[in-house]
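First comes the structure, then the notes that go with it.
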Amino acid sequence: MKKIFISTMVILAAAAFSEVSAQVTPAGGGDTNLRDTDIKGRSNELERIDRDARKESSKKKDKSKGDTPAPPPEDKLAAKYGEIKTDYEQIQMSHDSIIKAYNSDSKIDYSQISKFSSEINKSATRLNSNLFPAPPVKTPDAGKVESSNQTKGEKTNPETKKTTPIKDLIVDLGDNISNFTTSPMFQNLRAVDPAVSEKTKADLEKVIELSAQLDVEAAKMAAEK
């Protein structure tokens, strides 16, 4: 089941991004209709593979005897197929929309950039939860919790953050989306190298961080206009 699931991700990763810095160009660059067609084509192919995977799983259940064992981790991951597929495509389409809003004929549409950045953040956050579920942790004592919260507060102090130009955020966000979608993790049909998995997770977490930052900065610019 794991092989079938990962093979579905290969279809998605096949249409990798070009260099994002080249995408942030004057209006008229790129072919949005072609991009949409590619995404729809991958979507149809993924649905076919998913149907085949469900048929195969059904056959195995019919052959099994006695009580049905608890589903292995691969099956649990496959159960999230719909969400993973949707979010995987959504972060790419939303970034395309951000580039379009940045390259607007009249002026940069910061409100749209903020909107699509928020969508990327939501999709990437759910992807992270589905692909890299956090292991259960023991509840620490009250003293440790307080100490941990204090440390977290120090790290997230908004006054210590450096403002990054919106164009740079768009480029960095696109680079990390590209790194994530083209990860070897989605091409290995046998096993996932822990190092590759960690790198892919780090790329996705960076997408979450950058999309949140871009959302905030674009919203500020929209309010000033």
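The structure displayed is predicted, hence computed values, not measured ones.
- Interatomic distance, Asp168 CG to Glu217 CD, rounded to the nearest 0.5 Å: 11.5 Å.
- In this structure, the side chain to side chain contact (heavy atoms under 4.5 Å, CB included) partners of Ala219, at least two apart in sequence or on a different chain, are Ser114.
- A search for salt bridge (Lys or Arg N to Asp or Glu O under 4.0 Å) contacts involving Lys122 returns nothing, not counting sequence neighbours.
- Counted by atom type alone, Ser94 and Gln90 present one or more donor-acceptor pairs between their side chains at under 3.5 Å.
- Side-chain atoms of His95 come within 3.5 Å of backbone atoms of Ile170 as a donor-acceptor pair (strictly under, hydrogens ignored).
- Distance CZ/Phe180 to CD/Gln92: 9.0 Å, rounded to 0.5 Å.
- Every residue two or more places apart in sequence or in another chain was checked for a salt bridge (Lys or Arg N to Asp or Glu O under 4.0 Å) with Glu198, and none qualifies.
- Judged by distance alone, with hydrogens and angles left aside, the side-chain atoms of Ser178 form no donor-acceptor pair with the main-chain N or O of Gly174 at under 3.5 Å.
- Scored by the side chain to side chain donor-acceptor pair (under 3.5 Å) test, Asp203 finds Lys199 as partners (sequence neighbours excluded).
- Residues satisfying the side chain to side chain donor-acceptor pair (under 3.5 Å) test with Asn179, not counting sequence neighbours, are none.
- One finds the OH atom of Tyr88 at 14.5 Å from the CG atom of Asn130 (value rounded to the nearest 0.5 Å).
- For Thr125, the side chain to side chain contact (heavy atoms under 4.5 Å, CB included) partners two or more places apart in sequence, or in a different chain, are Asn121, Ile208.
- Between Asn128 atom CG and Leu204 atom CG the span is 4.5 Å, to the nearest 0.5 Å.
- Side-chain contact between Asp193 and Met185 is absent, with no heavy atoms from C-beta onward closer than 4.5 Å.
- A heavy-atom distance below 4.5 Å is found between the side chains of Ile98 and Ile120.
- To the nearest 0.5 Å, atom CD1 of residue Ile166 and atom OH of residue Tyr102 are 8.0 Å apart.
- Hydrophobic clustering keeps Val216 apart from Tyr110 (ILVMFWY residues linked when any side-chain heavy atoms are closer than 4.5 Å, directly or through intermediates).
- Between Ile84 atom CD1 and Arg126 atom CZ the span is 9.5 Å, to the nearest 0.5 Å.
- Between Glu205 and Lys201 a salt bridge is recorded (basic side-chain N to carboxylate O distance below 4.0 Å).
- The shortest distance between side-chain heavy atoms of Ile113 and Asp109 does not fall below 4.5 Å.
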